[in-house]
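Every chain is numbered from 1 and lettered A, B, ... according to where its sequence line falls, protein lines coming before strand lines. Computed from a prediction, not measured in an experiment: that's the story for all the values here. Just so you know, these numbers use all the heavy atoms, side chains as well, and skip hydrogens, waters and symmetry mates.
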2 protein chains.
Amino acid sequence: MEHLLSERIKSTPPSFIRSILKTAADPEIISFAGGLPNPISFPQEELLVSMERIVRDYGSSLFQYSITAGLPELRQYIADRYNRKFGLALGIENILITTGSQQALDLISKVLLNTGDGVIVEKPSYLGAIQAFSQYQPVFYPVELTEEGMDIGRLKDALDHDVKFIYAIPDFQNPTGLSYSAENRECIRKVLTGREIVLVEDDPYGELRFDEGGRIPYIGAGRLPGSILLGTFSKTVTPGMRTGFMICADTELLKHISVAKEASDLHTNIFSQYLIWDYLMHNDYDAHIAQIRRLYKEQAQAMTEAMDRYFPKTVKYTRPRGGMFLWVTLPEGVSALSLFPKALEKKVAFVPGDPFYINMANTNTMRLNYTNADCRMIDEGIRRLGELLREI
Amino acid sequence: MEHLLSERIKSTPPSFIRSILKTAADPEIISFAGGLPNPISFPQEELLVSMERIVRDYGSSLFQYSITAGLPELRQYIADRYNRKFGLALGIENILITTGSQQALDLISKVLLNTGDGVIVEKPSYLGAIQAFSQYQPVFYPVELTEEGMDIGRLKDALDHDVKFIYAIPDFQNPTGLSYSAENRECIRKVLTGREIVLVEDDPYGELRFDEGGRIPYIGAGRLPGSILLGTFSKTVTPGMRTGFMICADTELLKHISVAKEASDLHTNIFSQYLIWDYLMHNDYDAHIAQIRRLYKEQAQAMTEAMDRYFPKTVKYTRPRGGMFLWVTLPEGVSALSLFPKALEKKVAFVPGDPFYINMANTNTMRLNYTNADCRMIDEGIRRLGELLREI
């Protein structure tokens, strides 16, 4: 049936991570490859209590078909939380529940992209986003990501092309762990003001800032009319239930996305929406998040301290202040991909940088996740990687 | 942002039913418009017991990210059940769990359709399928549905075009309630044998046959290599949890669909997959289904008996032997759509036939659902419709 396939699917790469994860399934391997939240994030006991309560209180509504936009009570909770934390003025009409943020990426491209339309992404960018967008055969314009955020000069150059949307992860970016500075955000906002372009700000990790303190405002949310903000409960409650959300001031745009969602899966699992909403209403969500943040801070520190100890000085790495990943840059000319099988021999895994770029091979970068191994394992894994890196 | 929209979304109609449902939300209205299963289908108490058991037994696996193809245990259960009931030879590699059957319709079109490719659908066909396919801008070739099944002459004519797939609902079709005869299935199979075309058989209602007795074999499953069979737990356990499945002998084709799924939502809610699997393993599923079938048989009979009593003889209707819907044909020239507001005045709702056709307006047909009102309400609703129909 090969010749029956659409051009679309031929240009959609299978996820490199998901193939790698199969290779790295050996339980003896210390894996920094996946992007799994630590199970501490799942409030299992509390969720079980919520399950019992909602079955008793809401009965068949939990199991019946539901509306495409999502549970009004959950959307109201989200609107209230963002209004309170970021001084926004959202109502439930600005919120659409999605089947994880991955679906949001698919729906946005579905609604905006004709073949050949331009999309600006960070260089490097999240591979799941590249995969979702690729299905709609756009032309990618990658813009260099620096310690400060997007390279503004290159962003302006990219905007000379016919671009439908910009995809950015301003906090604790996947894969790099970098965050955009307040100044960089302000510059981007100025560059985009008045332009007919959608800014998609993906924020799965914003809640995972290691240290207390005010968050930097979003680039677009509340400020650029066509901007879309993505959020999720995957990193703070459960990824397995695939419950994300999209926030957009432009309700007309959101209506089109809602039609695409209706055609794609009718609505997101309503049981899980009730469950997460009930959990949020009956528990101290912020205290739960604080617990995750403390753990991830320890784990990230264990990883960078081990790198300080075991890695040669020619190897560079980011020092994230939140999120789940850090990014390693090897000396120029060294292919992280070619190191991958040797690392597996030493029973340690990472993701080579290539799939985070558009059509690049044998880059000298790699992504490491620190949230799903304990500090002792992190130290041991980095020690083994260090051995390998001293041989190059 | 209107001019930023893709051609794709401009050609995707919003669901007529979902707009209608809003109009018909008035609790005083007797609604035959939706397609809601009766809440008797949801084994709430048993599901709660399963929830408690799986949280205890599987812990964090319920809440973590999972594989795209779906829970192996659930896929094995599905393979076993179909092998037993239909003499198939499926393994778990032939099963992909989808976020409801609606996602299956989206993914199949995503993987097969380039703009302008042909799709054969029944005339009339399921509006959610027409909506899903429309996103990929195909050319539709509708083939008349008769009391026997697809009109074979017209099917052959349609196959003269460049067609990627055929979409059919051979048992208790939505919207008509008609089923394909064994002879008709055999004819279709012969016509398709040796052709490079995918047959998509959608079977959400097959389990809902009113009377015991052997089911007629599928057209393609186990016989046509490129055929895809769709199934779901939406009508027999819960639609709210959006758990459907795709069965396909061609594992290469299924791999491509799996890549599209990965890009669309990573995987289906894993908690719900564990839950449904545990429910199936610990309860008498067939006894549960038998209970639903008895109720729907009563409800369908109540509806056709009321039609016999209250409808003028010029109005025709199908007499389904299973499923959730029946189809009414008014005298030629009478628009069901123009009757709709008058019916609402009498506090009764149905779906005018138009959205079940490709680009047809003011057809003389309507779809009625009988599963979500009790027999007394059904009688009263049909009596009111009868009053209206005697005025035309």
Side-chain angles (χ1 to χ4, degrees), chain A residues 1-9 12 14-15 18 36 39 42 44 48 51-52 55 59-60 62-66 68 99-100 102-103 106 110-114 128 131-132 134-135 164 196 198 226 238-242 250 252-253 256 259-260 262-272, chain B residues 1-9 12 14-15 18 36 39 42 44 48 51-52 55 59-60 62-66 68 99-100 102-103 106 110-114 128 131-132 134-135 164 196 198 226 238-242 250 252-253 256 259-260 262-272:
Chain A
M1 296 284 157
E2 201 67 21
H3 65 284
L4 288 181
L5 298 176
S6 64
E7 292 307 315
R8 185 182 304 113
I9 197 68
T12 306
S15 164
R18 302 207 136 214
L36 301 184
F42 319 147
Q44 294 185 42
L48 183 56
M51 284 173 209
E52 288 160 350
V55 172
S60 65
L62 305 176
F63 302 104
Q64 189 57 280
Y65 282 112
S66 188
T68 300
T99 304
Q102 187 69 30
Q103 185 184 44
D106 181 41
K110 208 178 225 184
V111 166
L112 294 178
L113 294 182
N114 294 318
Q131 191 192 31
S134 294
Q135 300 178 100
K164 284 286 183 76
E196 290 275 342
V198 173
T238 165
M241 291 200 182
R242 317 301 304 119
D250 183 339
E252 281 307 306
L253 177 57
H256 288 289
V259 170
E262 183 176 278
S264 300
D265 69 356
L266 290 185
H267 65 80
T268 292
N269 193 310
I270 186 67
F271 175 87
S272 297
Chain B
M1 296 283 157
E2 200 67 23
H3 65 285
L4 289 181
L5 299 176
S6 65
E7 292 306 316
R8 185 182 303 112
I9 196 67
T12 306
S15 165
R18 300 205 137 215
L36 301 184
F42 319 147
Q44 294 186 43
L48 184 56
M51 285 173 208
E52 288 160 351
V55 172
S60 66
L62 306 177
F63 302 104
Q64 188 57 281
Y65 283 112
S66 188
T68 302
T99 304
Q102 187 69 30
Q103 186 186 44
D106 182 41
K110 208 177 224 184
V111 166
L112 295 177
L113 294 181
N114 294 317
Q131 192 193 30
S134 294
Q135 299 178 101
K164 283 284 183 74
E196 291 274 342
V198 173
T238 164
M241 291 200 181
R242 316 301 304 121
D250 183 339
E252 280 308 305
L253 177 57
H256 288 289
V259 170
E262 184 176 277
S264 302
D265 68 356
L266 290 185
H267 64 78
T268 292
N269 192 308
I270 187 66
F271 175 87
S272 296

For [X], is it the side chain, the backbone, both, or neither that has a heavy atom closer than 4.5 Å to a heavy atom of chain B?
X: A:Leu48; value: side chain
X: A:Gln64; value: both
X: A:Leu112; value: both

Problem - Option that, when pairs with chain B are counted at under 4.5 Å, heavy atom only, ranks first among A:Leu4, A:Thr238, A:Val198 - result: A:Leu4

Problem - Under 3.5 Å: donor-acceptor pair, side chain of A:Arg8, backbone of B:Asn114 - result: no

Exercise for the section: Examine distances only and state if a side-chain atom of B:Arg242 and a backbone atom of A:Asp265 form a donor-acceptor pair shorter than 3.5 Å. Expected result: yes

What part of [X] lies closer than 4.5 angstrom to a heavy atom of chain A: side chain, backbone, both or neither?
X: B:Glu196; answer: both
X: B:Thr12; answer: both
X: B:Leu5; answer: both

Handout entry: Stepwise side-chain contact (heavy atoms from CB on, under 4.5 Å) check, B:Leu113 with A:Ser6
Key = CA-CA 5 Å; B:Leu113 294 181; A:Ser6 64; 5.6 Å; no

Shortest non-hydrogen contact between [X] and [Y], atoms and distance:
X: A:Phe63; Y: B:Pro239; result: O-CD, 2.9 Å
X: A:Ala263; Y: B:Gln102; result: O-NE2, 3.0 Å
X: A:Ile9; Y: B:Val259; result: CD1-CG1, 4.4 Å

Among [options], which residue has the highest count of heavy-atom pairs closer than 4.5 Å to chain A?
options: B:Glu252, B:Lys110, B:Lys164; answer: B:Lys110
options: B:Ser134, B:Ala260, B:Gly100, B:Gly128; answer: B:Ala260
options: B:Val111, B:Ile270, B:Thr99; answer: B:Val111

Measuring from atom [atom1] of [X] to atom [atom2] of [Y], what distance do you get when rounded to the nearest 0.5 angstrom?
X: A:Glu262; Y: B:Asp106; atom1: CD; atom2: CG; value: 12.5 Å
X: B:Gln103; Y: A:Ser264; atom1: CD; atom2: OG; value: 8.0 Å
X: B:Leu266; Y: A:Gln131; atom1: CG; atom2: CD; value: 8.0 Å

Problem - A:Val55 side chain near B:Met51 side chain, heavy-atom distance below 4.5 Å - result: yes

Handout entry: Parallel, tilted or perpendicular: ring planes of A:Phe271 versus B:Phe271, cut at 30 and 60 degrees
Key = parallel

